[in-house]
Amino acid sequence: MAEINHFEYGWITPALSYALSVLGSFLGLICATRIRIASSAGQRVWWGGLAALAIGGTAIWTMHFMAMLGFAVEGTRIRYDLPITAASAVFAVVAVGIGLAIAGTGRVSVLRIVGGGLFTGAGVAAMHYTGMAAMRLDGRLSYDRTRVVLSIVIAVVAAAVALWLAVTVRRGLAIFGSALVMGVAVNGMHFTGMSALSAHLHPGGGEVTGADVSTLLVPIILAVIFVVVGLVYALLAAPTDEDRAAAAYLNGRLTAEPADRSGEVTADPVGLRARPTLGRPGTPFPSRPDRAPL
């Protein structure tokens, strides 16, 4: 059995993975708060999709591969199958999106939270082990079943807690604290699943095909930057409660003014109504009559 190192570059990779999970959770929770105040089904779908992209894509999937940068097996190179890697990202985003749809629609209830947590947790676990199945090395991987089951339980509990926070937390400081908790849960699930792994190298060595970690690093970083910038822009561009209240007030004033003016007689302090020819083109401005000589 080959020796496995989960922290080849020290604590920098787990620290970065935790920071990514907190950032994605924070943005996702903010987007989730917009689902509850959305005025139409289209807006709920929009904010639900953004929340799923933030939590599933950034907080879970990119955190997974950032942590995998520090993963190494002595005696073999590690590469990744690109289609399977992309499929694992889709699993994460879709699972979180469906979980938000289950837990965030209708009245908040324990049954909805548990159902959404079960589905989302299973999807997150599928993302993790699909991502591990995408790994290519000169050997075979095996897993300790007890720790695999434990990691799935952690994923389900973490997903249920995340969904509960997404549908109940509203204030900024509470959202940030919730994101810190979600970061711990996501990383705990990942490293529990990684601790179940063991590698057995093939004798004699062989060629390993697939994309190198350094090849995936640049696209992943660019994707994270674009997603985060897009989410921040969407949140800043969205109208706030004050904007909606001001728009409703102006709309009410505009619709009320014609009715108010229909029966209202406006004042004429300078007597312009008595001069019907004043506004006609070509009409000379009335002048004062000359005063009689003394």
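Note that this is a predicted model, so its numbers are computed, not measured. One is the number of the first residue; the rest follow in order along the sequence.
- Panel note: side chain Arg44, backbone Ile35; no donor-acceptor pair is recorded below 3.5 Å.
- Placement of Ile175 and Val96 within a single hydrophobic cluster is found when ILVMFWY residues are connected by side-chain heavy-atom separations under 4.5 Å, directly or transitively.
- Within the structure, side-chain hydrogen bond (donor to acceptor under 3.5 Å, both in side chains) contacts touching residues 70-84 (residues at least two apart or in different chains) do not occur.
- For the atom pair Leu165 CG and Thr33 OG1, the distance stands at 12.5 Å (nearest 0.5 Å).
- Sorted by first and then second residue, the side-chain hydrogen bond (donor to acceptor under 3.5 Å, both in side chains) pairs involving residues 226-238 (not counting sequence neighbours) form an empty list.
- Under the side chain to side chain contact (heavy atoms under 4.5 Å, CB included) criterion, Val114 pairs with Val110, Leu118, sequence neighbours left out.
- Residues Gly123 and Ala95 share a closest heavy-atom pair of CA-CB, 3.5 Å.
- Placement of Val232 and Phe226 in two distinct hydrophobic clusters is found when ILVMFWY residues are connected by side-chain heavy-atom separations under 4.5 Å, directly or transitively.
- In this structure, Met63 is a member of the same hydrophobic cluster as Phe65, with clusters built from ILVMFWY side-chain heavy atoms closer than 4.5 Å.
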Pairs under 3.5 angstrom only: tabulate donor-acceptor contacts from the side chains of residues 49-62 to other protein residues two or more places apart or in another chain.
residue	atom	partner	partner atom	Å
Trp61	NE1	Ser88	OG	2.9
Thr62	OG1	Gly57	O	3.4
Thr62	OG1	Thr58	O	2.4

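- Within the 4.5 Å cutoff, no side-chain heavy atoms of Thr120 are placed close to those of Ile98.
- Connection of Val45 to Leu235 is not established within any shared hydrophobic cluster, with ILVMFWY side chains joined at heavy-atom distances below 4.5 Å, either directly or through further cluster members.
- Side-chain contact between Met189 and His64 is absent, with no heavy-atom pair separated by less than 4.5 Å.
- Taking all atoms of both residues into account, the shortest heavy-atom contact from Ile113 to Ala103 is CD1-CB, 3.9 Å.
- Side-chain contact between Met132 and Met194 is present, with heavy atoms from C-beta onward closer than 4.5 Å.
- Checking side-chain atoms of Arg140 against main-chain N and O of Leu137 turns up no donor-acceptor pair under 3.5 Å.
- Checking each of Ile84, Ile78, Thr85, Val73 against Met135 for a side-chain contact (heavy atoms from CB on, under 4.5 Å) leaves exactly one that passes, namely Ile78.
- The hydrophobic cluster containing Ile220 also contains Ile225, counting ILVMFWY residues as joined when their side-chain heavy atoms lie under 4.5 angstrom apart, directly or transitively.
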Show the atom names and distances, to 0.1 Å, of all donor-acceptor pairs under 3.5 Å that link a side chain in residues 177-188 to residues at least two apart or in another chain.
residue	atom	partner	partner atom	Å
Ser178	OG	Ala174	O	2.8
Asn187	OD1	Ser17	OG	3.1
Asn187	ND2	Ser21	OG	3.1
Asn187	ND2	Gly183	O	2.7

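- What you find for Trp47 and Ala234 is that their closest heavy atoms are CH2-O, 3.6 Å.
- Scanning both residues, Leu100 and Gly48, for their nearest heavy atoms gives CD1-O, 4.0 Å.
- In terms of the side chain to side chain contact (heavy atoms under 4.5 Å, CB included) criterion, residue partners of Ile12 (sequence neighbours excluded) are, by chain and number, Tyr9, Leu16.
- Minimum heavy-atom separation, His200 to Ser142: NE2-OG, 3.3 Å.
- Between the CZ atom in Arg136 and the CG atom in Leu141 there is a gap of 9.5 Å [rounded to 0.5 Å].
- In this structure, Tyr18 has no ring-ring contact (aromatic ring centres under 6.0 Å, His included) partners at least two apart in sequence or on a different chain.
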**Message:** Evaluate Leu82 against Leu216 for side chain to side chain contact (heavy atoms under 4.5 Å, CB included), listing each step before the verdict.
**Reply:** CA-CA 9 Å; Leu82 290 180; Leu216 293 173; 3.2 Å; yes
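- Taking the side chain to side chain contact (heavy atoms under 4.5 Å, CB included) definition, one finds that Leu23 meets it with Leu27, Val228, sequence neighbours left out.
- You'll find the side chain of Val218 reaches within 4.5 Å of the side chain of Leu222, heavy atoms only.
- Taking CE of Met66 as the reference point, atom CG of Leu69 lies at 5.5 Å (rounded to 0.5 Å).
- For Phe119, the ring-ring contact (aromatic ring centres under 6.0 Å, His included) test picks out no residue, with sequence neighbours left out.
- With contacts defined as side-chain heavy-atom distances shorter than 4.5 Å, the pair Asp144/Ser198 does not qualify.
- Scanning for ring-ring contact (aromatic ring centres under 6.0 Å, His included) contacts around His6 gives Phe71, with sequence neighbours left out.
- Residue pairs meeting the ring-ring contact (aromatic ring centres under 6.0 Å, His included) criterion with at least one partner in residues 142-182, sequence neighbours excluded, are Tyr129-Tyr143.
- Nearest heavy atoms, Leu231 versus Cys31: CD2-SG, 4.2 Å.
- In this view, Val90 and Val94 satisfy the side chain to side chain contact (heavy atoms under 4.5 Å, CB included) rule, not counting sequence neighbours.
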